[in-house]
Amino acid sequence: MFTDFTSEIMSYPGGEKITACMQCGTCTGSCPASHAMKYTPRRLISLIRANQRDTVLKSLDIWKCASCYTCTARCPRGIKFTDIMYILKNLAWKEQRKEEDHNIFGFYSSFQDLIQSRGRMNEAELILRYSLKTNPYKLLEFAPLGMKMFLKGRTAIVPPGIKNKRQLQEILRISQERGGE
Amino acid sequence: MVYQYYPGCSLHASARDYDESVKGIMEKLALELKEVPDWNCCGATVIPSVNQWQAQILPARNLALAAENKGDLVIPCNACYMNLKKVQYNMAHYREVREKITQIFGQVGLRLVGMPKVRHLLEVIVDDVGLSKVKELVTKPLKDLKVVCYSGCQLVRPLGFDDPEDPQALDRLMETLGAVVLPFSKKSHCCGSSLMTTQPELALKMADEILEEAKKVGAETIVVTCPMCQLNLDAFQNQINSRFNRDGQIPVTYFTQLMGLAFGLNKNQLGLKRGIVSPAKVLEKIG
């Protein structure tokens, strides 16, 4: 469908300007997570342009983006790198399910399941689902903070949800069928 | 002034203090906030990472519920604000997105005609209410309270309002309340967001840098505009202190809580007892 990885990225909203990159590294220098990455934002752009699709999508570095948009705010060429990170994560999620990193897979899928079933997020249930999916012993780690939050009245007693769940589930389902992933 | 209101999921749970203080100050400010009926989660930063279509659909349903020219939509959370604005941007700039959402929504009777303008609560207070009106309402100035203003990231970046690197609105508001606003280079840095759960070693470091500078410049509290920032900066200070060998704690308060305090509202009305790091001591001098 695409001749190379660059044109694939460019086909998604936010990916258009990737070829304007001049490898100045402002993105990497601005990124609060780049210190922990082997493939930093600048290197990721370079790898995309060198058509290294597998290397990029298999790298867990793309999951280190916290979506702070500093790179986007600062890029002198107007590249929306935060959006490119989202595109990369979407592709990786679809194709290389993150079994290799249990935590990431467990958290993102727990969140997604929770929204699909209730329409609203609640931290306590998210942590519960996430821990049960990854490692139930995590509940012990979260317990002290969870207890404090509970005592401060900062947890929802009744799991929150929307009334018209069917409508939400319906539009999510149709979007899935129509070329959604 | 009447606005539509999208609280976002956190304000009904971990950020109940934010919700309480928003409701507390509304009457004073002569603002009426009408909650959008049956609103859903915006998807935070999680859904856009795994499914771009769901990331359009979730915020767009909220926009549809608030559509038909019912007035501006006010949002207190930076991430919800960014997500709803971003869908509007995508619908305006990408025909494929616009047509697909319209078509899918048409099948369930949702319409996106007359979409609201999306505003952050801070933006409405500074731009619509105005600082001169705020000043008139101050009965207990936050005298000698040393604060650093932390806008966080998603409020001020492209699509947001204020300067993306050195935002000013929160500083001006706090000065208007009588607080001493200290220079702070981390005001729009990232708190670590949901990485606090998946990759705590990364997020704890991000939060630590913000907390450390705030303590170093002598702040008594960090003022925030977002429930995610508040949680990450407030709830993990013990872990951060032991991990990075730091001392001391600093309370993290919502700008709405400090506004309520300066307006003379009762502390219990403002959720000030809910901080993991209690602000009680530093707020004693306000009375």
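Top candidate by heavy-atom pairs under 4.5 Å with chain A, chosen from B:S49, B:C153, B:P158, is B:S49. When each of A:K163, A:E123, A:R120 is scored by its heavy-atom pairs under 4.5 Å with chain B, the top score falls to A:R120. Options B:R16, B:Q56, B:K273, B:Q239 differ in how many heavy-atom pairs under 4.5 Å they form with chain A, and the most are formed by B:R16. Of the listed residues (B:N238, B:D17, B:L58, B:V97), the one with the most heavy-atom contacts under 4.5 Å to chain A is B:L58. Your options are B:V46, B:V108, B:N90, B:N40, and the one with the most heavy-atom pairs under 4.5 Å with chain A is B:V46. Between chain B and the residues A:K138, A:K165, A:R74, A:K148, the most heavy-atom pairs under 4.5 angstrom are made by A:R74. No other option in A:G161, A:G153, A:A124 has as many heavy-atom pairs under 4.5 Å with chain B as A:G153. Taking chain B as the reference chain and counting heavy-atom pairs below 4.5 Å, the highest number among A:D83, A:I127, A:T82, A:L91 is found for A:D83. In terms of heavy-atom pairs under 4.5 Å with chain A, the best-connected choice from B:H93, B:H189, B:K205 is B:K205. Each of B:P164, B:A235, B:S193, B:G271 has some count of heavy-atom pairs under 4.5 Å with chain A, and the biggest count is that of B:A235.
For chain A, the nearby part of B:Y89 is the side chain; its heavy atoms alone come within less than 4.5 Å. For chain B, no part of A:N122 is nearby; none of its heavy atoms comes within less than 4.5 Å. Proximity to chain A is limited to the side chain of B:L202, based on heavy atoms less than 4.5 angstrom apart. Neither the backbone nor the side chain of A:I62 comes within less than 4.5 Å of any heavy atom of chain B. If you measure heavy-atom distances from A:L145 to chain B, the contacts under 4.5 Å come from the side chain alone. No part of A:E141 comes within reach of chain B, as not one of its non-hydrogen atoms sits under 4.5 angstrom from that chain. Contacts of A:P160 with chain B are absent, with no heavy-atom separation under 4.5 Å from either backbone or side chain. A:I171 touches chain B through backbone and side chain together, each having a heavy atom under 4.5 Å away. Looking at A:T70, the atoms closer than 4.5 Å to chain B (heavy atoms on both sides) sit in the backbone and in the side chain alike. For A:K80, the part lying near chain B is the side chain, with the backbone staying farther off; criterion is any non-hydrogen pair under 4.5 Å. With a threshold of 4.5 angstrom between heavy atoms, B:L110 approaches chain A through side-chain atoms but not through N, CA, C or O.
The existence of a salt bridge linking B:E96 and B:K100 is excluded, since no basic side-chain nitrogen approaches an acidic carboxylate oxygen closer than 4.0 Å. With respect to A:R53 and A:E8, a salt bridge is recorded, a charged nitrogen being found less than 4.0 Å from a carboxylate O. Salt bridge present: B:E20 and B:R274 bring a charged side-chain N and a carboxylate O closer than 4.0 Å. Ionic pairing of B:K187 and B:E165 is not present here: no N-O contact between side-chain nitrogen and carboxylate oxygen is shorter than 4.0 angstrom. For A:K133 and A:D113, the salt-bridge test passes: some basic side-chain N is under 4.0 Å from an acidic carboxylate O. We find that B:K186 and B:E209 are not joined by a salt bridge, their nearest charged nitrogen and carboxylate oxygen being 4.0 Å or further apart. At a threshold of 4.0 Å, the pair B:R157-B:D163 does not count as salt-bridged, since none of the basic side-chain nitrogens sits closer than that to a carboxylate oxygen. Taking the charged nitrogens against the carboxylate oxygens, A:R173 and A:E170 do have a contact shorter than 4.0 Å, which makes a salt bridge.
The closest donor-acceptor contact from the side chain of B:Y150 to the backbone of B:C191 lies under 3.5 Å.
Taking the six-membered ring where tryptophan is involved, the planes of B:H120 and B:Y81 are perpendicular, since the angle between them exceeds 60° and thus also 30°.
Contact record, A:A156 with B:H12: CB-O, 4.3 Å, taken as the closest heavy-atom pair. Minimum interatomic distance between B:L112 and B:M115 (heavy atoms only, all atoms of both residues): O-CG, 3.6 Å.
A cation-pi arrangement is absent between B:K34 and B:Y5, since the terminal nitrogen or guanidinium carbon is not both under 6.0 Å from the aromatic centre and inside a 45° cone about the axis.
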